[in-house]
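What follows is one structure encoded as structure tokens, with my remarks underneath.
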Amino acid sequence: MLDKTYDPAAVEAGRDEAWEAAGRYRPRGAGTPYCIMMPPPNVTGSLHMGHALNHTVQDTLVRFKRMQGRDVLWQPGTDHAGIATQMVVERELAAEGTSRRAIGREAFVDRVWQWKAESGRTIVAQLRRLGASPDWSRERFTMDDGLSAAVRRAFVSLHREGLIYKDERLVNWDCQLHTAISDLEVVSKEVDGQLWHFAYPLEDGSGSITVATTRPETMLGDTGVAVHPEDERYRDLVGKHVVLPLVGRRIPIVADEYSDPEKGTGAVKITPAHDFNDFEVGRRRGLEALNILDPDGRLNDTVPAAYRGLDRFAARDRVVADLDAAGVLVKTEPYRYMVPFGDRSNTVIEPYLTDQWFCDAPTLAKDAIAAVEDGRTTFVPANWAATYFDWMRNIQPWCISRQLWWGHRIPAWYGPDGAVFVEESEADAHAAARAHYGREVALEQDPDVLDTWFSSGLWPFSTLDWPAGSSELQRYYPTDVLVTGFDIIFFWVARMMMQGLHFMGEVPFREVYIHGLVRDEAGQKMSKSKGNIVDPLQLVEDYGADALRFAILASLAQGRDIKLGESRVQGYRNFVTKLWNAARFCELQDCRPEPAFAPEAVETTLNRWIVADLAATRDVVTAALEGYRFNEAALALYRFVWDRFCDWYLELAKPVLDAGGPAAAETRATAAWVLGRVFRLLHPMMPFVTEALDEQLLGAEPHGLIVADWPAPVAVDDGGARAEIEWLIALVSEIRTARSELRVPASARLALWIAEPDAAVRARLAAWRPAIERLARLDGVHEGMPESAGGTLQVVVDGLTYVVPLAGHVDVDEERARLDKEMAKLEADVARLDRKLANPQFVAKAPEDVVEEQRERRAERAATLARLEAAAARLEGR
RNA sequence: GCGGGCGUAGCUCAGCGGUAGAGCACGGCGUUUACACCGCCGGUGUCGGAGGUUCGAACCCUUCCGCCCGCACCA
């Protein structure tokens with residue numbers, strides 16, 4: 001027996017373990033392969049709404065495909081997330097009063113591994129709680145031996161091809177983390193600052209040129225002043241020199257297109273080592289790049305003694321004060337401008353001149369762009385391709401080295417004279433060094449590690465045992481679809497495309513399904529600082545994973561962010577409860593699956609109707625899931641279960657079941673069959689409750705639904721069943737509405753009269769009399785016109801008038817008013833349709849079936865109207 | 001500045017060329033031993049504004065207004 005109330009916790013408990021133990025998560029080995037690579041969550045992270053959304057979508061797809069008979073591999077794993085993880089552990093050390101530098105590199109890395117071992121299971125456990133069904137036996141971690149080997153192979157190979165190189169360039173430098181970061185890890189924020197104008201005196205004493213800056217401390221590194229070649233104001237100054245105040249350095253005034261006469265004073269100070277634009281100008285004009293900062297962001301020894309060792313911001317104040325004292329501060333104005341911050345450290349990022357490893361992204365991007373252009377990979381929704389192209393076509397060399405300790409150590413070793421040996425192992429490096437020097441030398445490995453995304457970019461094939469190779473690699477690459485948020489199209493999707501195409505010669509995935517972000521009920525992005533985080537696990541605890549999953553999917557309109565509040569989840573928990581109770585009713589009614597049940601062969605109108613309706617729902621759901629229209633699939637099932645099966649089918653079945661006989665037997669079998677189909681259709685979206693019901697109610701074999709066949713289409717000839725049930729629903733609804741509007745007490749059992757039924761209607765009434773009486777609260781169905789005192793209620797359905805004598809329950813005026821309201825609506829409809837049909841253009845140009853449809857509609861409305869008019873007249877007549 | 005998106009019922013959103021919809025919220029009524037996590041009943045809303053295309057536009061085009069998100073700028 002099913003429990004009286006649905007208890008998600010009880011229903012969901014133990015099911016993940018059972019599925020896994022039964023091997024359900026593993027590829028079945030037969031069927032067309034279907035593969036999804038799980039975007040590896042940060043190993044030390046915990047589940048947030050974004051994960052819940054992302055994994056619910058993947059799991060729904062995977063379960064759907066599994067049921068369709070595909071050989072499904074959902075490859076799971078986690079990411080080492082270099083900076084984020086290192087920071088967490090560093091914070092821990094700080095709390096203990098020590099630091100990574102204090103304990104040293106080796107001890108620190110050990111410590112991170114230790115921490116990973118402790119906290120690395122959380123996210124996986126949480127995903128399991130959600131119902132995620134990847135092949136956990138294949139779980140990978142980006143720093144596993146195999147994946148690390150893949151990283152080294154990729155690095156060495158790209159290096160040999162000249163696509164990875166070391167260069168001294170400006171990078172985004174994080175002064176707190178002491179590492180370079182990529183462009184993508186920099187977030188610009190608008191800041192209220194000041195714009196200072198300084199007059200740099202000309203060397204020849206003939207005056208000065210005024211430049212403006214928001215970062216005065218950088219003037220200590222100025223090696224030039226640029227003006228626009230066309231700028232009349234400064235034309236005569238080009239080629240002259242100024243003497244840099246405070247420093248005394250003689251620097252040239254150069255002409256360069258970069259200088260914008262409209263901006264600031266039109267003359268711009270050039271600090272090649274500390275500004276990306278200035279760096280380019282410096283290169284073009286042969287200006288020296290003078291690095292004035294140390295890795296902490298303090299001024300170094302290239303600046304005058306007074307400023308050495310000062311922090312960049314302290315130096316700023318000092319420089320301004322000194323320039324003011326020197327009389328060259330022309331003016332100071334408040335100024336709003338954009339300042340780059342590190343997305344992790346949230347400190348101001350400095351452009352900084354260092355030696356770093358770069359990947360030639362512009363070259364790798366070529367095929368990655370072509371692959372999307374020619375449709376080898378497509379985006380869903382398609383417009384995300386524009387974002388992808390936009391970034392790919394403007395891609396810059398990718399700085400892949402990080403001055404961190406946690407991550408893949410760069411496989412480069414340096415000899416005593418600085419010669420570099422890039423090899424997959426230290427042994428190989430030594431061999432190369434021997435060949436180079438003709439003797440054994442001491443080598444030192446590059447201290448840096450690689451950007452985390454370098455290894456994540458290899459994920460679609462490194463997880464399948466590349467470079468060693470395996471049958472899985474052959475079978476599942478390219479994967480079918482990547483499911484991810486738009487926020488990492490650049491970070492991750494682009495990198496996988498570049499590396500996948502380069503190393504595998506084929507795209508990593510054929511489709512990229514991009515979903516939105518989860519926001520709170522007010523549409524705010526969830527963040528810890530706002531305190532509006534909704535914890536998915538709390539929701540799972542309160543309402544069940546099934547409810548959360550279904551809520552997510554039902555809210556997931558394509559290409560939009562989703563706003564998910566608790567009430568939404570609650571609503572779908574109610575839906576699960578509804579399903580549970582419907583199943584329980586069927587159980588009480590002894591509905592059991594009939595092995596020989598053939599949906600096409602059911603005979604009663606009611607059963608033919610529900611079978612036909614379910615067949616249509618199946619088609620809608622199948623097409624919706626295939627097209628990533630999850631909300632459409634969810635809604636179709638919600639409607640079928642609640643509005644059709646529960647509200648009408650079961651209610652109409654009650655009298656049939658009570659009456660017994662062959663019709664009752666068929667109905668029991670049909671109900672059981674329909675529920676079984678519903679469980680299957682719903683399973684990818686709400687896996688737990690559907691399988692529990694399938695087992696408990698229908699006696700299906702344990703953990704079988706997850707691998708049950710997806711329902712095949714059913715070709716039903718409903719033989720007029722739909723029309724008949726629609727008539728019945730309309731009749732009952734009309735009477736209910738009229739009763740409610742006339743405030744007839746619910747308890748009043750009234751008779752139904754029909755004046756002139758034809759044979760068909762007479763038969764229908766006879767067949768459905770118990771149902772009509774039950775659902776419309778009636779007692780007796782009669783032919784003819786009633787002798788009524790005390791008013792009547794009259795409704796028109798399919799052109800026939802049905803009369804309910806009210807016997808004093810209501811007064812005539814109220815019924816008259818109700819009829820008037822309905823007639824007014826119909827009159828308006830008829831008038832509108834008449835206007836349309838009277839338009840010769842419409843009749844001539846619109847498709848025939850559309851015109852015919854309007855004519856029929858017009859006739860139907862007019863007939864109903866006539867009946868209502870007659871009914872009104874009868875009211876008057878008394 | 002460039003790109004993308006959004007503006008439909010109180011709220012959250014479907015619909016995207018042929019009668020304006022759902023859920024939630026709200027209000028009324030509670031009869032039916034599956035379900036109060038329920039049942040029944042209740043929606044005229046300039047489909048952001050203005051033009052245009054069309055026999056017909058919430059849906060296509062143009063333009064304007066308002067909001068959001070990327071990217072760039074960052075003297």
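Every chain is numbered from 1 and lettered A, B, ... according to where its sequence line falls, protein lines coming before strand lines. This one's a predicted model, so the numbers in the text were calculated from it and none came from an experiment.
One finds no side-chain N or O of Ser188(A) lying less than 4.0 angstrom from the OP1 or OP2 phosphate oxygen of C74(B). The shortest distance between the side-chain N/O atoms of Arg777(A) and the OP1/OP2 oxygens of U31(B) is not below 4.0 Å. Using a 4.0 Å cut-off, some side-chain N or O of Tyr258(A) falls inside it from OP1 or OP2 of C74(B).
Below the 3.5 angstrom threshold, one finds a donor paired with an acceptor across the side chain of Glu651(A) and the base of A34(B). Side chain Arg749(A) to base U31(B): no donor-acceptor pair is found below 3.5 Å.
Remark: Phe379(A) pairs with Tyr388(A) by the ring pair (Phe, Tyr, Trp, His ring centres under 6.0 Å) rule, at least two apart or across chains.
A heavy atom closer than 4.0 Å to some atom of RNA chain B occurs in Asn277(A), these being the qualifying members of residues 271-281 of chain A.
A donor-acceptor pair is defined here as one N or O able to donate and one able to accept, closer than 3.5 Å; no such pair exists between the side chain of Glu230(A) and the backbone of Pro261(A). With hydrogens and angles disregarded, a donor-acceptor distance shorter than 3.5 Å links the side chain of Glu12(A) to the backbone of Ala545(A). A donor-acceptor pair under 3.5 Å is absent between the side-chain atoms of Arg857(A) and the main chain of Asp829(A), judged by distance alone. No donor-acceptor distance shorter than 3.5 angstrom exists from the side chain of Thr617(A) to the backbone of Phe640(A), with no hydrogens or angles considered. For Arg316(A) (side chain) and Glu217(A) (main-chain N/O), no donor-acceptor pair under 3.5 Å exists by modelled atom type. Between the side chain of Arg312(A) and the backbone N or O of Glu350(A) there is no donor-acceptor pair closer than 3.5 Å.
Base contact: Ala746(A) has a heavy atom under 4.0 Å from a base atom. Counting non-hydrogen atoms under 4.0 angstrom, Pro745(A) reaches nothing in the nucleic acid. In this structure, Cys586(A) reaches neither bases nor backbone, as no heavy-atom distance under 4.0 Å exists between it and the strands shown. Residue contacts for Arg739(A): at a heavy-atom cut-off of 4.0 Å it reaches no nucleic acid atom on any strand shown. Nucleic acid contact class of Val850(A) (heavy atoms, under 4.0 Å, all strands): base. Residue Lys269(A) is classed as having no contact, given no heavy-atom separation below 4.0 Å to the nucleic acid.
Spacing between atom CG of Leu637(A) and atom C1' of A22(B) amounts to 15 Å, rounded to whole angstrom units. Between Glu257(A) atom CD and A75(B) atom P there is a gap of 19 Å when expressed in whole angstrom units. Between Asp192(A) atom CG and C74(B) atom P the separation is 19 Å, expressed in whole Å. Rounded to an integer number of Å, the gap from CG of Leu657(A) to C1' of A34(B) is 12 Å. Look at CZ on Arg774(A): it is 15 Å from P on U31(B), rounded to the nearest Å. Here G23(B) presents its C1' atom at 16 Å from CG of Leu556(A), a figure rounded to the nearest Å. Rounded to whole Å, the distance from CZ on Arg743(A) to P on G28(B) is 13 Å. If you take CZ of Arg857(A) and C1' of U19(B), they are 4 Å apart, rounded to a whole angstrom.
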Cut-off 3.5 Å, no hydrogens considered: what does the side-chain donor-acceptor table look like for residues 577-590 of chain A, sequence neighbours left out?
unit_1: Thr577(A); atom_1: OG1; unit_2: Arg573(A); atom_2: O; d: 3.0
unit_1: Trp580(A); atom_1: NE1; unit_2: Asp3(A); atom_2: O; d: 2.9
unit_1: Asn581(A); atom_1: ND2; unit_2: Thr577(A); atom_2: O; d: 3.1
unit_1: Glu587(A); atom_1: OE1; unit_2: Leu2(A); atom_2: N; d: 2.9
unit_1: Glu587(A); atom_1: OE2; unit_2: Leu2(A); atom_2: N; d: 3.3
unit_1: Asp590(A); atom_1: OD1; unit_2: Arg592(A); atom_2: NH2; d: 3.1

Donor-acceptor contacts, no H, no angles, side chain residues 221-228 of chain A, under 3.5 Å, sequence neighbours left out:
unit_1: Asp222(A); atom_1: OD1; unit_2: Lys269(A); atom_2: NZ; d: 2.9
unit_1: Asp222(A); atom_1: OD1; unit_2: Thr271(A); atom_2: OG1; d: 2.6
unit_1: Asp222(A); atom_1: OD2; unit_2: Tyr200(A); atom_2: OH; d: 2.7
unit_1: Thr223(A); atom_1: OG1; unit_2: Glu288(A); atom_2: O; d: 2.8
unit_1: His228(A); atom_1: ND1; unit_2: Ser259(A); atom_2: O; d: 3.0

For nucleotides 37-43 of chain B, give me every protein contact, N/O to N/O, under 3.5 Å, one pair per line with atom names.
unit_1: C37(B); atom_1: O4'; unit_2: Asn574(A); atom_2: OD1; d: 3.2
unit_1: C37(B); atom_1: O2; unit_2: Arg573(A); atom_2: NE; d: 2.7
unit_1: C37(B); atom_1: O2; unit_2: Thr577(A); atom_2: OG1; d: 2.5
unit_1: C38(B); atom_1: OP1; unit_2: Asn574(A); atom_2: ND2; d: 3.4
unit_1: C38(B); atom_1: O3'; unit_2: Lys578(A); atom_2: NZ; d: 3.2
unit_1: G39(B); atom_1: OP1; unit_2: Lys578(A); atom_2: NZ; d: 2.8
unit_1: G39(B); atom_1: OP1; unit_2: Trp642(A); atom_2: NE1; d: 2.7
unit_1: C41(B); atom_1: O3'; unit_2: Thr737(A); atom_2: OG1; d: 3.4
unit_1: C41(B); atom_1: O2'; unit_2: Ser740(A); atom_2: OG; d: 2.9

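For A22(B) and U33(B), the P atoms lie 29 Å apart once the distance is rounded to whole Å. Straight-line distance between the C1' atoms of G48(B) and G66(B): roughly 8 Å, to the nearest whole Å. Taking atom C1' on both nucleotides, G23(B) is separated from U31(B) by 27 Å, rounded to a whole Å. Across C64(B) and C2(B), the matching P atoms stand 12 Å from one another, rounded to whole Å. When the C1' atom is used for both G43(B) and U8(B), the distance is 14 Å, rounded to whole Å. Of the P atoms belonging to A75(B) and G49(B), the separation is 43 Å, rounded to the nearest Å. Spacing of C1' atoms, C35(B) relative to C40(B), comes out at 15 Å, to the nearest Å. Straight-line distance between the C1' atoms of U12(B) and U53(B): roughly 33 Å, to the nearest whole Å.
Annotation: side chain of Met686(A) is not in contact with side chain of Arg549(A) (no heavy-atom distance under 4.5 Å). With a 4.5 Å cut-off on side-chain heavy atoms, Ile552(A) and Tyr572(A) do not count as touching.
Checked against A75(B), G4(B), C35(B), the side chain of Arg584(A) finds its nearest nucleotide in C35(B). Among the nucleotides A22(B), G3(B), A34(B), the one closest to any side-chain atom of Arg639(A) is A22(B). Closest contact between the side chain of Pro340(A) and the listed nucleotides A75(B), U19(B), C74(B) involves C74(B).
Along RNA chain B, the nucleotide closest to Thr214(A) and the one closest to Leu184(A) are compared, and the more 5′ of them pairs with Leu184(A). Nearer to the 5' terminus of RNA chain B, by closest-nucleotide assignment, is the contact made by Lys836(A) (compared with the other of Lys836(A) and Val843(A)).
Side-chain atoms of Ser182(A) and Glu185(A) form a donor-acceptor pair, as typed in the model, at a separation below 3.5 Å.
In summary, of the residues considered (Ile181(A), Val186(A), Asp183(A)), a side chain to side chain contact (heavy atoms under 4.5 Å, CB included) with Pro340(A) occurs for Val186(A) alone. Of the residues Phe630(A), Trp384(A), Phe486(A), the one that meets the ring-ring contact (aromatic ring centres under 6.0 Å, His included) test with Tyr513(A) is Phe630(A).
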Can you run through RNA chain B from 5' to 3' and write each base as (, ), [, ], | or . depending on how it pairs? Watson-Crick or G-U wobble, both distances under 3.5 Å.
-> ((((((((.[[[[.)..(..]]]].(((((.......))))).....[[[[[..)....]]]]])))))))....
